[in-house]
Colleague: 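Got a structure here, written out as structure tokens. Questions coming.
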Number of protein chains: 2
Amino acid sequence: MAESGAKSAKSQATQKYQRQQRTNDPDQTRADILEAAEDQFARRGYAGTTIDSIAQKTRRSKRMIYYYFNSKAKLYVAVLENAYARIRVAEAKVNLGEDDPRQSLKNLVDFCFDFHFDHPTYVKLIVSENLNEAKYLTASSLVGELHRPILQRIDQCLRLGYQKELFHQVVTPMEIHMTLSGLCFFNVSNRATFSAIFDADMTSAAARRARKQQILLTILGRLNTTMDGFVSDFS
Amino acid sequence: MAESGAKSAKSQATQKYQRQQRTNDPDQTRADILEAAEDQFARRGYAGTTIDSIAQKTRRSKRMIYYYFNSKAKLYVAVLENAYARIRVAEAKVNLGEDDPRQSLKNLVDFCFDFHFDHPTYVKLIVSENLNEAKYLTASSLVGELHRPILQRIDQCLRLGYQKELFHQVVTPMEIHMTLSGLCFFNVSNRATFSAIFDADMTSAAARRARKQQILLTILGRLNTTMDGFVSDFS
DNA sequence: GAAAATATGTACTAGTTCGAACATTTTTGA
DNA sequence: TCAAAAATGTTCGAACTAGTACATATTTTC
């Protein structure tokens, strides 16, 4: 700025324009921008992300980002919606209608754990959205409906378990969902500090397998056990 | 800048200096700055926080912040260390030596849940530190040792439970710690998006009580159940 | 009671970043 | 085929922000 500006520059934006073979591909450009933006927002949070860094990653110019998304905030919302849509679509495919409801839950645990493990970018997005008190998510409105189905499906699964006397404890689907999400989410979201503190690699294949097993046992254990005597004694 | 700068200002920093009664109180100033910084860093993350906003909150000038902490990064590390120190001190007071190890675990669950619930600022700090891949935490070095004791104490508690045949399942202390921390942490860290999605108030007294109970049951259930037959069949 | 050390206030600089203005090229449709 | 529309590249400016320079005030120490 100090050397280049204010000297003799007066709309000479033309001279260095390289005429080169270029193919217009707006859909691809849009998708590229979304992908790069997701990566950057996840990595650095909303405030920490610069539009320029996204542009650089797409190997397209900043101009394109404003052309397609108008502002940083709108781009961020688009990224969020995109990410949520992906997990819901994937989740809908999980089989929760097994004869043995324990197997249904195992399917769900498998999916939930693996999805989070394999999509740290998704996790980080939600983390950073929570840091701004879900400001942008609330604006987005359509998210609530997307989540209703999973609660219903868990509910059916639990009912079958009670009916077959495989599950002894009464819990709401919401509680199961919260426990499962929480465990799978935390395993990814807090990796960095956990690794720093305990000096353990949480991303190895062995760690992955072990932790998934623990979560499965935790969820099933919650449904299998009756601590009523003890807990009411003490609480 | 456009109006005020470059006109006739040449080191006239004196004219408006208000001479007023002032009491030097460096310790208080330092503490004030730390507190305001913790709040801001937690609320907006590292990148989103401006030194000016911290200065404003303390009702002291930016100058003081640099005087005591030298740089934004060093201030951030000080905030982190301060926060970790607080939770460790509190945790050390939890009684894990009960005759009934279930009661010991209940004490631990109580503490862990309440601490997170009552200190959302602490939670957010760790969240944002995870977003930067624990860069600053790793630099801080002393954190690892702070965490060793809790694992040992859980270990003793579990051994007693096995010995008394109250716990049937073998788990490592690390796994219990991770599950417990994860559940307590998530309940606070992901409140915003969860509330937005499910339109539920997670901060009410009733929600608090209910969720704590669920977590207690989840932890105890994990230790009380034997799913070996089922799990090895399917995994 | 003055000099040194400590603490605080104000103005400014250098660098960064969002977004806009301007220039150009490719595609589409009549 | 050519004009309008869509897509893309480049430069600039206004605003913000970390950190510095300079001025001043209060406390401590000898």
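We name chains A, B, ... by the order of the sequence lines, and we start the count at 1 in each one.
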Colleague: Just jot down the side chain to side chain contact (heavy atoms under 4.5 Å, CB included) partners of T121(A), sequence neighbours excluded, or say none.
Modeller: E38(A), A42(A)

Colleague: Of all residues at least two apart in sequence or in a different chain, which pass the ring-ring contact (aromatic ring centres under 6.0 Å, His included) check with F113(B)?
Modeller: F117(B)

Colleague: Return the value, rounded to whole Å, for the distance between atom CZ of R30(A) and atom P of dA7(D).
Modeller: 11 Å

Colleague: For residues 62-73 of chain A, which residue pairs qualify under side chain to side chain donor-acceptor pair (under 3.5 Å), counting only residues two or more places apart or in two chains?
Modeller: none

Colleague: For Y84(A), what residues pass the ring-ring contact (aromatic ring centres under 6.0 Å, His included) criterion, not counting sequence neighbours?
Modeller: H147(A)

Colleague: Mind calculating the distance between CG (D27(A)) and C1' (dA7(D)) to the nearest angstrom?
Modeller: 12 Å

Colleague: Applying side chain to side chain donor-acceptor pair (under 3.5 Å), which residue pairs with at least one partner in residues 125-134 of chain A are found, sequence neighbours left out?
Modeller: Y76(A)-S128(A), Y76(A)-E129(A), E129(A)-N132(A), N130(A)-T193(B), E133(A)-K124(B)

Colleague: Below the 4.0 Å mark, does dT8(C) have OP1 or OP2 next to a side-chain nitrogen or oxygen of T29(B)?
Modeller: yes

Colleague: Can you list the residues that meet the side chain to side chain contact (heavy atoms under 4.5 Å, CB included) rule with E91(A), with sequence neighbours excluded?
Modeller: R88(A), F111(A), I150(A)

Colleague: Tell me which residues in residues 62-71 of chain B put a heavy atom below 4.0 Å from DNA chain D, sorted by number, or none.
Modeller: K62(B), R63(B), Y66(B), S71(B)

Colleague: Residues of residues 31-51 of chain A with any non-hydrogen atom less than 4.0 angstrom from an atom of DNA chain C: list those, numerically ordered, please.
Modeller: T49(A), T50(A), I51(A)

Colleague: Among all residues two or more places apart in sequence or in another chain, which pass the side chain to side chain contact (heavy atoms under 4.5 Å, CB included) test with E35(A)?
Modeller: none

Colleague: Are Q56(A) and S53(A) linked by a side-chain donor-acceptor pair shorter than 3.5 Å?
Modeller: no

Colleague: What is the separation between atom CG on D52(B) and atom C1' on dA11(C), rounded to the nearest whole Å?
Modeller: 13 Å

Colleague: What is the distance from CD of Q56(B) to P of dT17(D), rounded to the nearest Å?
Modeller: 11 Å

